[in-house]
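Some notes on the structure that comes next.
Computed from heavy atoms alone, side chains included, the values below leave out hydrogens, waters and symmetry copies. Counting starts at 1 for both ligands and their atoms, in listed order.
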Amino acid sequence: MVFSILGIAAISSVLAIISNNSIDRIPRNQSIIKPEPYCRSCATAFTWKDQIPILSYLMHKGKCPYCGAKIPTRNFFIEIGEFAWVSIFVLKFGWSYEAIIVLLFGISLIAIIAIEYENRVMSDLILLIMLMLSVIFLLAYRQSEFPNALLGMVIGAGVMAVYNFMKIAGKTVVRFDYSEIKLGAVLGLFFGGFGIILCIFLAWFIGAILGSVKIKFFKKDHRDAIPEFPTILAIAGIITVLFNTELTQFYIALMR
Ligand SMILES: [Zn+2]
């Protein structure tokens with residue numbers, strides 16, 4: 001029990017530091033590895049003491065300990081979010097290699113959402129990491145489901161392609177965003193045919209709720225009120241990561 005808590009703290013800390021660093025640097029085309037994490041304002045390199053997730057942020061009241069510049073609140077949210085994610089995961093799936101792959105897939109989705117939310121770009125690097133995780137997951141644990149995974153990939157890519165056609169037809173954009181199609185494809189590959197349909201349905205449902213909440217409170221016109229679908233799809237992906245197995249089993253049980 002104690003070891004599990006220590007393990008969760010250690011893993012989520014490392015993942016939070018890597019995530020925040022990646023979310024900061026990938027959209028700026030900077031190296032993730034060098035230099036060490038530093039303050040964006042005074043450029044002082046942070047020591048390990050300044051980087052303890054959640055605690056360091058609270059101790060310094062969200063400010064750089066050297067110059068007092070504000071550290072983005074997002075860092076703190078990622079630290080809390082990933083701690084919660086790892087905790088839920090270990091409680092649900094225990095410690096196994098299989099669970100770790102799925103856990104990392106979820107962490108990648110968190111990074112995708114944060115980067116998309118802050119910069120309005122989808123990170124191809126993180127999509128590539130997700131592709132790698134999907135392939136490892138399939139080859140190691142789901143070899144019999146290979147055709148289903150390919151079907152999921154086609155469905156996911158297809159839905160995002162249709163979404164892009166609709167955007168072009170609606171004149172909100174002028175060209176295809178291939179990264180969005182890649183996101184659909186990689187989610188489909190990971191979840192399989194049934195999982196991706198579930199994920200898309202969930203995204204549509206979340207989008208409808210967010211859309212109506214926005215209309216109600218911000219009095220915007222209809223089109224403005226609809227949040228970016230790829231971000232919502234990634235959020236739905238996180239939920240699907242947690243419950244895919246149950247839902248697939250439920251589905252199989254229904255089919256019997
Ligand atoms: Zn500073």
Side-chain angles (χ1 to χ4, degrees), residues 2-90 100 103-130 132-133 177 179-180 182-183 210 214 217-218 227-228 230-235 237-238 241:
V2 178
F3 282 115
S4 249
I5 293 170
L6 286 176
I8 291 168
I11 290 182
S12 64
S13 300
V14 171
L15 289 175
I17 292 171
I18 296 173
S19 295
N20 274 321
N21 209 29
S22 306
I23 296 163
D24 274 336
R25 296 184 189 192
I26 287 174
R28 294 184 169 98
N29 285 324
Q30 292 173 331
S31 162
I32 302 167
I33 299 157
K34 284 215 147 186
E36 301 280 304
Y38 60 91
C39 169
R40 289 258 161 224
S41 180
C42 67
T44 312
F46 291 132
T47 64
W48 66 269
K49 268 190 267 175
D50 309 326
Q51 293 185 69
I52 304 166
I54 305 174
L55 297 180
S56 295
Y57 188 92
L58 291 178
M59 251 162 54
H60 299 120
K61 300 188 175 67
K63 287 176 183 142
C64 165
Y66 306 102
C67 70
K70 198 177 177 305
I71 290 170
T73 325
R74 180 255 298 154
N75 288 45
F76 187 58
F77 282 127
I78 291 283
E79 287 161 8
I80 289 185
E82 297 198 349
F83 181 73
W85 175 250
V86 176
S87 309
I88 292 169
F89 226 84
V90 171
I100 301 258
L103 184 144
L104 290 177
F105 193 84
I107 293 280
S108 307
L109 276 172
I110 294 175
I112 288 258
I113 294 165
I115 293 176
E116 161 81 29
Y117 180 75
E118 284 179 6
N119 307 283
R120 295 267 162 209
V121 287
M122 190 132 300
S123 164
D124 275 346
L125 175 67
I126 294 176
L127 287 172
L128 213 55
I129 293 171
M130 287 166 67
M132 182 191 74
L133 290 169
D177 186 340
S179 295
E180 294 179 359
K182 285 182 217 161
L183 174 71
L210 287 181
K214 250 185 162 174
F217 291 102
F218 299 100
E228 287 285 293
T231 317
I232 300 171
L233 186 68
I235 295 170
I238 290 184
V241 166

- Message: On a heavy-atom basis, which atom in L127 and which in S179 lie closest, and how many Å separate them?
- Response: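 Scanning both residues, the minimum pair turns out to be CD1-O, 3.5 Å.
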
- Task: List the atom of T73, the atom of K70, and the distance in Å for their closest heavy-atom pair.
- Result: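 It is OG1-NZ, 3.2 Å.
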
Can you tell me if [X] uses its side chain to pair, donor with acceptor, with the backbone of [Y] under 3.5 Å?
X: S56; Y: K49; result: yes
X: D24; Y: N21; result: no
X: E82; Y: A16; result: yes

- What is the total of protein N/O/S atoms that are closer to the Zn ion (ligand 1) than 2.8 Å?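 With waters ignored, the protein N/O/S count below 2.8 Å is 4.
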
- Query: Can you tell me if R74 and N20 form a side-chain donor-acceptor pair at under 3.5 Å?
  - Reply: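 Their side chains do contain a donor-acceptor pair, which is all the 3.5 Å distance test asks for.
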
